[in-house]
Amino acid sequence: AKLKKPLDKGLQVCNQASVTSVENTTPSFTSPPNTAPKPGGTPTCFNVDSSAQLTVVKDVFDQKSGAQLNGGVAKPKQLLRWQIKVQNTGNALAKDVLIQDSVSALLTDVQPLDGGTFDAATKQIKWPVVASLSTGATDQIVVRFDAAVLAGADNGAAIANQAEVTIGGASGPQKSDDPTTAAKGDP
C-alpha cells in the first residue's frame, strides 16, 4: 500500500490484521514479528519521516511589454514587475510560509501586490504568512511587486536580489532562484 501525502513528520501509522475461518469465527489478531503474542494481538506501527521541500523561483518582467528580463537590460525609470513563485515538492505540508524580499537600492516607487507591505527604511517587502502549502504541481503561492529603476542608475548596473522564504520549524530561509540560468540559488 502507498501512504497518501502530505503527512506530518512523526505521525504514527498502525495496522493490524485479523484472521477468521469457517471453522473458527472468533478473530485471531496479528502481532509484529518477535513480539510476545497477546490476546487481541498488537498493531504493527511506524512513524512517518517527511518534510516540506520548497522551490522558490523569482522572475522580472517589463511592465509594458510583459517580456521577461531575467539577466537582461533595464533602463533608468523603466517600470518592472517581479514575481515570486513558491512550490512544495516535498511530502509534508509546509506550514507558516513567510515570503520576504530585500529590494535593491537601485529601485524606486516600490509597490507590493498580493497583500505585501513595504518598509522603506529597511527596503524590505513582507507578505502575509500563509498557514500551509500542500504538495502537488498545482499548489503554489505567487506574490508580486512593481518598481521602477532609479533615474540615476548607472548604465549596466546589475539589479540582483533574492527573495527569502521560511517555513515554521525550518532551520533557515530558502532563497529564490533565477530559472533562466543553470546555476541553482542564483539571484
Side-chain angles (χ1 to χ4, degrees), residues 6 9 50-187:
K9 183 177 182 120
S50 62
S51 64
Q53 298 291 322
L54 300 182
T55 301
V56 184
V57 175
K58 185 175 179 182
D59 293 299
V60 61
F61 302 91
D62 176 79
Q63 274 194 27
K64 279 187 184 176
S65 70
Q68 187 178 33
L69 296 176
N70 296 28
V73 177
K75 297 177 176 135
K77 297 185 182 179
Q78 185 174 357
L79 300 176
L80 305 173
R81 172 164 289 169
W82 276 264
Q83 177 176 277
I84 303 162
K85 286 184 186 178
V86 181
Q87 286 189 295
N88 180 3
T89 59
N91 53 13
L93 287 175
K95 296 179 181 177
D96 300 324
V97 182
L98 172 64
I99 303 170
Q100 47 194 3
D101 197 351
S102 296
V103 178
S104 170
L106 295 174
L107 298 175
T108 187
D109 301 325
V110 177
Q111 296 294 317
L113 306 170
D114 310 305
T117 57
F118 178 61
D119 183 333
T122 62
K123 304 280 287 172
Q124 189 170 67
I125 302 172
K126 285 186 181 181
W127 283 270
V129 171
V130 175
S132 67
L133 176 60
S134 191
T135 61
T138 59
D139 296 318
Q140 64 182 355
I141 303 168
V142 179
V143 295
R144 302 163 297 152
F145 73 92
D146 294 338
V149 178
L150 192 66
D154 291 335
N155 190 22
I159 303 174
N161 75 316
Q162 290 181 291
E164 291 186 346
V165 180
T166 55
I167 56 176
S171 59
Q174 168 90 30
K175 292 187 182 260
S176 63
D177 181 50
D178 178 350
T180 62
T181 68
K184 292 290 181 199
D186 59 332

Checklist line | Side-chain donor/acceptor of Asp101 to backbone N/O of Val103, under 3.5 Å | finding: no

Next item on the list: Would you please name every residue forming a side chain to side chain donor-acceptor pair (under 3.5 Å) with Asp139, sequence neighbours left out?
Entry: none

Item checked: Beyond-backbone contact of Gln83 with Val142, side-chain heavy atoms, under 4.5 angstrom -> yes

Checklist line | Partner residues of Lys77 under the side chain to side chain donor-acceptor pair (under 3.5 Å) criterion, sequence neighbours left out | finding: none

Next item on the list: Provide the closest heavy-atom pair for Val165 versus Val97 in the form atom of the first, atom of the second, distance.
Entry: CG1-CG1, 3.7 Å

Next item on the list: Mind jotting down which residue pairs meet the ring pair (Phe, Tyr, Trp, His ring centres under 6.0 Å) criterion with at least one end in residues 104-144? Sequence neighbours excluded, please.
Entry: none

Item checked: Pairing residues for Ser102 by the side-chain contact (heavy atoms from CB on, under 4.5 Å) criterion, not counting sequence neighbours -> Gln124

Note to self: Could you work out, with side-chain contact (heavy atoms from CB on, under 4.5 Å) as the rule, every residue matching Lys9, not counting sequence neighbours?
What the structure shows: Asp49, Ser50

Checklist line | For Thr108, all residues meeting side chain to side chain donor-acceptor pair (under 3.5 Å), sequence neighbours excluded | finding: none

Next item on the list: List the atom of Ser134, the atom of Leu93, and the distance in Å for their closest heavy-atom pair.
Entry: CA-CD2, 3.6 Å

Check: Does Gln140 have any side chain to side chain donor-acceptor pair (under 3.5 Å) partners at least two apart in sequence or in another chain, and if so, which?
Finding: none

Check: Considering only heavy atoms from C-beta outward, does the side chain of Asn88 approach that of Leu54 to under 4.5 Å?
Finding: yes

Margin query: Tell me which pairs pass salt bridge (charged side-chain N to carboxylate O under 4.0 Å, His left out) where either residue lies in residues 106-130, with sequence neighbours left out.
Written below: Asp114-Arg144

Item checked: Contacts of Asp96 that satisfy side-chain contact (heavy atoms from CB on, under 4.5 Å) - sequence neighbours left out -> Val129

Item checked: ring-ring contact (aromatic ring centres under 6.0 Å, His included) partners for Phe145, two or more places apart -> Trp82

Next item on the list: Write down the atom of Val149, the atom of Lys75, and the distance for their closest heavy-atom approach.
Entry: CB-O, 3.3 Å

Check: By side-chain contact (heavy atoms from CB on, under 4.5 Å), which residues pair with Ser51, not counting sequence neighbours?
Finding: Gln53

Next item on the list: Search all heavy atoms of Lys58 against all heavy atoms of Asn70 and return the closest pair with its distance.
Entry: O-ND2, 3.5 Å

Check: Who pairs with Asp146 by salt bridge (Lys or Arg N to Asp or Glu O under 4.0 Å), at least two apart in sequence or on another chain?
Finding: Arg81

Note to self: To check you understand the geometry: which heavy-atom pair defines the closest contact between Ala105 and Leu150, and what is its length?
What the structure shows: O-CD2, 4.0 Å

Next item on the list: Please report the closest heavy-atom contact between Pro112 and Thr117, naming both atoms and the distance.
Entry: CG-C, 3.8 Å

Next item on the list: Check Val57, Ile141, Ile99 against Ile84 for a side chain to side chain contact (heavy atoms under 4.5 Å, CB included) and give me the one that passes.
Entry: Ile99

